[in-house]
Amino acid sequence: MARTPDTAPPGTASRAPAEPAGRPPRRRFRQTAGRQHHAGPLTYVLLVVAALVSLFPLYWNVVAASHTGDRVVQAPAPLLPGSRLLDNLSFAWDQVDMGEALVNTAIVASLVAASTVLFSTLAGFAFAKLPFKGRGMLLSLVVATMTIPPQLSVIPLYQIITDLGWFDQLQSVVLPSLVAAFGVFFMRQFLLEALPVELVEAARMDGAHSLRIIWHVVFPVARPAMAVLGMLVFVQAWNDFFWPFIALTPDGSPTLQVALAGLGAGNHTVDHAVVLTGALISTVPLLLVFAFLGKHIVGGITAGAVKS
């Protein structure tokens, strides 16, 4: 049987092809895919330090809420919890009807977050994948609105809600925040890379209408970005103070931040311990939300981060 030129004689080791003369030898890299890199001691030390620095303001808020107002403003500041936490919590809860303020804030933050995520996803999909005239100009106008200070729109907004009879009502805070330019730009940038245009065209060829494409194609792909945007908008709406303080009153239907503005005041003095107690009450719901939903939010963020 004749040997082909590519067949090596029996008993001889196969040799790698020689490098051409005058060419530097190629570097050989070891395959490291799938290997797990373990963090060293320095990484854990840095993570512990970062966690302690991040948690210290919350810890001191608890400490300040457990002392009297006179002790909080004294130097040096207290670093260990006191014995007045329950008394301050009870006083702060009853002074400004904290229960109603919590319910109002939860309603406003939930509606603002849901509407912003919905409308921003729809607008982001249109700017990213739907060809229409003036798309670039409209996107530039949307982004340009982010440079306008919100203080400039206070007087027109106040006149509008007054003419509509919405002063001191929750819709005066919800409706101006139904959509945000940042959310539109954020979802547009995400869908521009994450959603292949061939997937949309294939759905149209199968006879799917626009609403079905959005529900079955766009929303599943955009779910990680929608979770991140919803979390950011919810926290921002929960902590918003400037416009709610103008549109609402502490004696009407206040949000939590508006109610905190009148907390601890009396006899021309401010009880800083009571004010910090109210701030602690407003922070606990956010911590509980992230404690229960943080795993799902992080899972949604990392769901599209690795390609199979």
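Not measured: the values here are computed from a predicted model. Numbers for residues simply follow the sequence, beginning at 1. Side chains included, hydrogens not; waters and symmetry mates left out as well; all remaining heavy atoms used.
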Passes side-chain contact (heavy atoms from CB on, under 4.5 Å), Val233 versus Val117? Steps please.
CA-CA 8 Å; Val233 174; Val117 170; 5.6 Å; no

Show your working on side-chain contact (heavy atoms from CB on, under 4.5 Å) between Ser66 and Asn88 and close with a plain yes or no.
CA-CA 7 Å; Ser66 62; Asn88 289 336; 5.9 Å; no

Between Leu276 and Trp60, is the side-chain contact (heavy atoms from CB on, under 4.5 Å) condition met? List the steps.
CA-CA 10 Å; Leu276 291 173; Trp60 194 83; 3.8 Å; yes

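At least one side-chain heavy atom of Met98 sits under 4.5 Å from a side-chain heavy atom of Leu256. For the pair Leu111 and Leu170, the minimum side-chain heavy-atom distance is 4.5 Å or more. Here the side chains of Leu178 and Val174 are in contact, with some heavy-atom distance below 4.5 Å. Contact check for Ser210 versus Arg204: side-chain heavy atoms found under the 4.5 Å cut-off. Counting heavy atoms from C-beta outward, Asp240 and Gln257 have side chains that stay 4.5 Å or more apart. Within the 4.5 Å cutoff, the side chain of Leu229 has no heavy atoms near those of the Phe190 side chain. At least one side-chain heavy atom of Leu102 sits less than 4.5 Å from a side-chain heavy atom of Trp93. Two residues are said to be in side-chain contact when any heavy atoms from C-beta on lie closer than 4.5 Å; Phe219 and Thr121 meet this criterion.
Distance alone, capped at 3.5 Å, places no donor-acceptor pair between the Tyr158 side chain and the Phe167 backbone. For the pair Trp238 (side chain) and Ser282 (backbone), a donor-acceptor distance under 3.5 Å is present. Side chain of Ser90 to main chain of Asp87: no donor-acceptor pair is present (N/O by atom type, distance under 3.5 Å, no hydrogens or angles). Of the possible donor and acceptor atoms, one in the side chain of Thr105 sits under 3.5 Å from a partner among the backbone N and O of Ala101. Checked by atom type and distance alone, the side chain of Thr116 never pairs as donor or acceptor with a backbone atom of Ala113 at under 3.5 Å. Put simply, the side chain of Lys129 never gets that close to the backbone of Val200: no donor and acceptor are under 3.5 Å apart. In this structure, the side chain of Ser115 engages the main chain of Val112 through a donor-acceptor pair within 3.5 Å. A distance-only check finds a donor-acceptor pair linking the side chain of Arg135 to the backbone of Leu130 [under 3.5 Å]. The closest donor-acceptor contact from the side chain of His272 to the backbone of Arg71 lies at 3.5 Å or more, if one exists at all.
Taking CD of Gln151 as the start and CD1 of Ile246 as the end, the distance is 8.5 Å to the nearest 0.5 Å. Rounding to the nearest 0.5 angstrom, the gap separating the CZ atom in Phe245 from the CG atom in Leu260 is 11.5 Å. In this structure, the separation between CD on Glu193 and CG on Leu191 is 10.5 Å, given to the nearest 0.5 Å. To the nearest 0.5 Å, atoms CE (Met187) and CG (Leu122) are separated by 9.5 Å. In this structure, CG in Asp168 is found 3.0 Å from OG1 in Thr249, a value given to the nearest 0.5 Å. With rounding to the nearest 0.5 Å, the separation of CZ in Phe127 from CG in Leu138 is 5.0 Å.
In terms of hydrophobic clustering, with Ile, Leu, Val, Met, Phe, Trp and Tyr side chains grouped at heavy-atom distances under 4.5 Å, Val103 and Val258 are assigned to different clusters. Note: the hydrophobic cluster containing Ile281 also contains Val62 (ILVMFWY, side chain heavy atoms under 4.5 Å, direct or indirect links). No path of Ile, Leu, Val, Met, Phe, Trp and Tyr side chains, each step under 4.5 Å between heavy atoms, connects Leu280 with Val63, placing them in separate hydrophobic clusters. Tracing side-chain contacts under 4.5 Å through hydrophobic residues (I, L, V, M, F, W, Y), one never reaches Val235 starting from Phe241; they form parts of separate clusters. Under the 4.5 Å side-chain heavy-atom criterion for grouping Ile, Leu, Val, Met, Phe, Trp and Tyr, Val221 is not connected to Val197 through any hydrophobic cluster.
Contact detail for Ala106 and Ser110: the closest heavy-atom pair is O-OG, 2.7 Å. Between Ala259 and Val96, the closest heavy-atom pair is O-CG1, 3.7 Å. Taking all atoms of both residues into account, the shortest heavy-atom contact from Pro196 to Ala194 is CD-O, 3.3 Å. Residues Arg84 and Thr68 come closest through the heavy atom pair CD-CG2, 3.1 Å. Closest approach of Trp243 and Ser172 over heavy atoms only: NE1-O, 2.9 Å. For the pair Gly69 and Ala273, the tightest heavy-atom approach, listed with the atom from each and the gap, is N-CB, 3.7 Å.
Counting non-hydrogen atoms of neighbouring residues, nucleotides and ligands closer than 6.0 angstrom, the OH atom of Tyr44 reaches no more than 12 such neighbours. Heavy atoms of other residues, nucleotides or ligands lying less than 6.0 angstrom from CD of Gln236 number 12 at most. Heavy atoms of other residues, nucleotides or ligands lying less than 6.0 angstrom from CD1 of Ile155 number 12 at most.
Ser253 and Asn104 form no side-chain donor-acceptor contact under 3.5 Å, judged by distance and modelled atom types alone.
Classification of the Tyr59-Phe56 ring pair by plane angle, with boundaries at 30° and 60°, yields tilted.
Under the side-chain contact (heavy atoms from CB on, under 4.5 Å) rule, Phe125 has a single partner from Val217, Val218, Leu192, which is Val218.
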